[in-house]
Q: 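Structure incoming, see below.
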Amino acid sequence: MPELPEVETTLRGIRPHVVKKRVVRVVVRNRRLRWPVPASLAAELVGQTITAARRRAKYLLLETRAGTVLIHLGMSGGLRVVSARTPPGRHDHVDLVLSSGDCLRYHDPRRFGAILWTRGDPGQDPLLSRLGPEPLTRAFTGRVLQESARGRTAAVKSFIMDARVVAGVGNIYASEALFLAGIRPERAAGALSPESCARLACAIKRVLRDAIHRGGTTLRDFKSSDGRPGRFQARLNVYGRAGEPCRRCGAAVLRTRPGQRSAYHCPRCQR
DNA sequence: CTTTGCACCTGTTGGC
DNA sequence: TGCCAACAGGTGCAAA
């Protein structure tokens, strides 16, 4: 469900409800997520006040003086702010009960997500320390992309989905960015011209910004923290549109599988 | 070092 | 209507 824009949408939705609130209780109904929810979460988080809520790649960070809650939504995770008295549903695995009477509730049918606790500088955590630049910052440019692509033979689509290259480009937006940049997904990353790298970096920024602006993409089940679906799916040019006409030239959109994930592209607009 | 494929789960969809 | 295979927005890890 969530790529970077959906995570950012979630962050913006929960932030006003969690920052400056104290965590009074942690309820773990099922600790078996991607990694077990650690006992240190409840032990060290309860009594702490959340000082800031941030995003790094697709990780959400809830910071306190004692440490940071790291949350990843995986493929099917979601966070909602509900009253602490709202009865939990199936797959509502973790609650952070807040001093306001609200509760930050983590829901995740597939349980590919994670809720972890890290002390000290969260940037030093092994999960975050090797991440590449945030795509929406100045640190991410065509030149930086070109530099890290040097000598790489992997398909450009898998390349931009590698979080060590650029943090947080997932399957939908990789296809969409390559469409905007006019580049075929299977091209070798290292073979791209400097101009193509520049166009690709711009396209990644553009598609992510636009999707955030529209509250993310809802394909089947993404709901932002207020329960509303995203509106970006109407803007998708190629993702999920195999066989349908390209919006730009009318040629049939193709679905391929470089690696084991679906890629979509227009054979005429992308070279 | 890079590249590839797998594993982890449940739910939905589409074809027969 | 029912059944079953294929597929789904992620990503760390092991193996080559």
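Residue numbers start from 1 in every chain, and the chains themselves are labelled A, B, ... in the order their sequence lines are given, proteins ahead of strands.
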Q: Looking across every strand, which nucleic acid part, if any, lies under 4.0 Å from A/R261 by heavy atom: base, sugar-phosphate, or nothing?
A: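 If one applies the 4.0 Å heavy-atom cut-off, A/R261 turns out to touch a base.
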Q: With both distances kept under 3.5 Å, what pairs with C/dG9, Watson-Crick or G-U wobble?
A: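 Because no pair has both required distances under 3.5 Å, C/dG9 counts as unpaired.
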Q: Name the closest nucleotide to the A/Q260 side chain, picking from B/dC6, C/dC7, B/dG11.
A: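 The answer is B/dC6, which lies nearest to the side chain.
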Q: Can you tell me how far P of B/dT10 sits from CG of A/L33, to the nearest Å?
A: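 Atom CG in A/L33 sits about 12 Å away from atom P in B/dT10.
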Q: Please give the distance between the P atoms of C/dA6 and B/dA7 as a whole number of Å.
A: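 Going atom to atom, P in each nucleotide, I get 16 Å.
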Q: Suppose you measure atom C1' in B/dT12 against the same atom in C/dT11; what distance do you get, rounded to whole Å?
A: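 Pairwise C1' distance, B/dT12 against C/dT11, rounds to 22 Å.
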Q: For A/L116 and C/dG12, what is the distance between atoms CG and C1' respectively, to the nearest whole Å?
A: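 From A/L116 CG to C/dG12 C1': 12 Å.
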Q: Are A/V27 and A/L41 connected, step by step, through hydrophobic side chains (Ile, Leu, Val, Met, Phe, Trp, Tyr) whose heavy atoms are closer than 4.5 Å?
A: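 No.
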Q: Would you jot down, in residue-number order, the residues of residues 143-165 of chain A having a non-hydrogen atom under 4.0 Å from DNA chain B?
A: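 Contacting residues: A/R152, A/T153, A/A154.
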Q: Expressed in angstrom and rounded to an integer, what is the separation of A/W35 atom CH2 from B/dC9 atom C1'?
A: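 In whole Å, B/dC9 C1' lies 15 Å from A/W35 CH2.
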Q: Could you please name the option among C/dG12, C/dA8, C/dT11 that lies closest to any side-chain atom of A/K58?
A: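 Of C/dG12, C/dA8, C/dT11, C/dT11 is nearest to the side chain of A/K58.
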Q: Taking all heavy atoms of A/S175 and all of A/V238, pick out the closest pair and write down the distance.
A: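 Looking at all heavy atoms of both residues, the closest pair is O-CG2, 3.7 Å.
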Q: Give a yes or no on whether a salt bridge exists between A/R80 and A/D226, defined as a side-chain N under 4.0 angstrom from a carboxylate O.
A: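 Not counted as a salt bridge, because no side-chain N and carboxylate O are separated by less than 4.0 Å.
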Q: Would you kindly give the CG-to-P distance between A/D108 and C/dG9, to the nearest whole Å?
A: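 From A/D108 CG to C/dG9 P: 15 Å.
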Q: Between B/dG5 and C/dC7, how far is it from one P atom to the other, in whole Å?
A: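 Comparing P positions in B/dG5 and C/dC7 gives a spacing of 15 Å.
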Q: Does this structure show an ion pair linking A/E176 with A/R235, if we count only N-O contacts that are shorter than 4.0 Å?
A: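 No.
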Q: Rounded to the nearest angstrom, tell me the gap between atom CE in A/M75 and atom C1' in B/dC9.
A: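 My rounded result for the distance is 10 Å.
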Q: Grab the CD1-P distance between A/I172 and C/dG10 for me, whole Å please.
A: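 After rounding, the reported distance stands at 7 Å.
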Q: Roughly how many Å apart are B/dG11 and C/dG12, using the P atom of each and rounding to a whole number?
A: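 It comes out at 25 Å once rounded to the nearest Å.
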Q: Looking across every strand, which nucleic acid part, if any, lies under 4.0 Å from A/R257 by heavy atom: base, sugar-phosphate, or nothing?
A: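 Result for A/R257 = sugar-phosphate.
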Q: Could you tell me the separation between the CD atom of A/E176 and the P atom of C/dG9, rounded to a whole number of Å?
A: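 One finds 13 Å between P of C/dG9 and CD of A/E176, rounded.
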Q: Could you tell me whether the phosphate oxygens of C/dT11, OP1 or OP2, come under 4.0 Å of any side-chain nitrogen or oxygen in A/H72?
A: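 So the side-chain polar atoms of A/H72 do come within 4.0 Å of the phosphate oxygens OP1 or OP2 of C/dT11, strictly under.
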Q: Rounded to whole Å, please give me the gap between CG in A/L4 and P in C/dT11.
A: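 Rounded to the whole Å, the gap is 10 Å.
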Q: Do A/F232 and A/Y173 have ring centroids that are under 6.0 Å from one another?
A: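 Yes, the ring of A/Y173 comes within the 6.0 Å limit of the ring of A/F232, centre to centre.
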Q: Ignoring backbone atoms, establish whether A/Y59 has a side-chain N or O less than 4.0 Å from OP1 or OP2 of C/dG12.
A: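 Answer is yes, contact under 4.0 Å.
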Q: Using a heavy-atom cut-off of 4.0 Å across all strands, would you classify A/Y173 as base, sugar-phosphate, or nothing?
A: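 It contacts nothing in the nucleic acid.
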Q: So which heavy atom on A/G78 is nearest to which on A/L73, and how close?
A: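 Here A/G78 and A/L73 meet closest at N-CD2, 4.0 Å.
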Q: OP1 or OP2 of C/dG12 less than 4.0 angstrom from a side-chain nitrogen or oxygen of A/R34, does that happen here?
A: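 No, no such contact exists.
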Q: Check whether any side-chain N or O of A/R90 sits under 4.0 Å from OP1 or OP2 of B/dG11, and answer yes or no.
A: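 Yes, such a contact exists.
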Q: Output yes when at least one side-chain N/O atom of A/S262 is less than 4.0 Å from OP1 or OP2 of C/dA8, else no.
A: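 A/S262 to C/dA8 OP1/OP2: side-chain N or O found under 4.0 Å.
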Q: OP1 or OP2 of B/dC9 versus the side-chain N and O atoms of A/R32: is any pair under 4.0 Å?
A: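 The answer is yes; a side-chain N or O of A/R32 sits under 4.0 Å from OP1 or OP2.
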Q: Indicate whether OP1 or OP2 belonging to C/dG10 is found under 4.0 Å from a side-chain N or O atom of A/R111.
A: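 No, A/R111 has no side-chain N/O under 4.0 Å of OP1/OP2 on C/dG10.
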Q: State whether the aromatic ring of A/F112 stacks on the base of B/dC8, taking stacking to mean ring centres under 5.5 Å apart and ring planes under 30° to each other.
A: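 So A/F112 counts as stacking on the base.
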Q: Return the nearest nucleotide to the side chain of A/E6; candidates are C/dC7, B/dT10, C/dG9.
A: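 From the listed options, C/dG9 comes nearest.
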Q: Apply the test side chain to side chain donor-acceptor pair (under 3.5 Å) to residues A/T49 and A/R22: give CA-CA distance (whole Å), side-chain angles for both, the deciding distance (0.1 Å), then the verdict.
A: CA-CA 4 Å; A/T49 296; A/R22 194 164 36 91; 5.1 Å; no
Q: Say whether A/I14 and A/L70 are linked into one hydrophobic cluster, either directly or through other cluster members, by side-chain heavy-atom distances under 4.5 angstrom.
A: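 No, separate clusters.
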Q: Out of A/L127, A/V69, A/V37, which residue meets the side-chain contact (heavy atoms from CB on, under 4.5 Å) rule with A/L116?
A: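 Only one of A/L127, A/V69, A/V37 forms a side-chain contact (heavy atoms from CB on, under 4.5 Å) with A/L116, namely A/L127.
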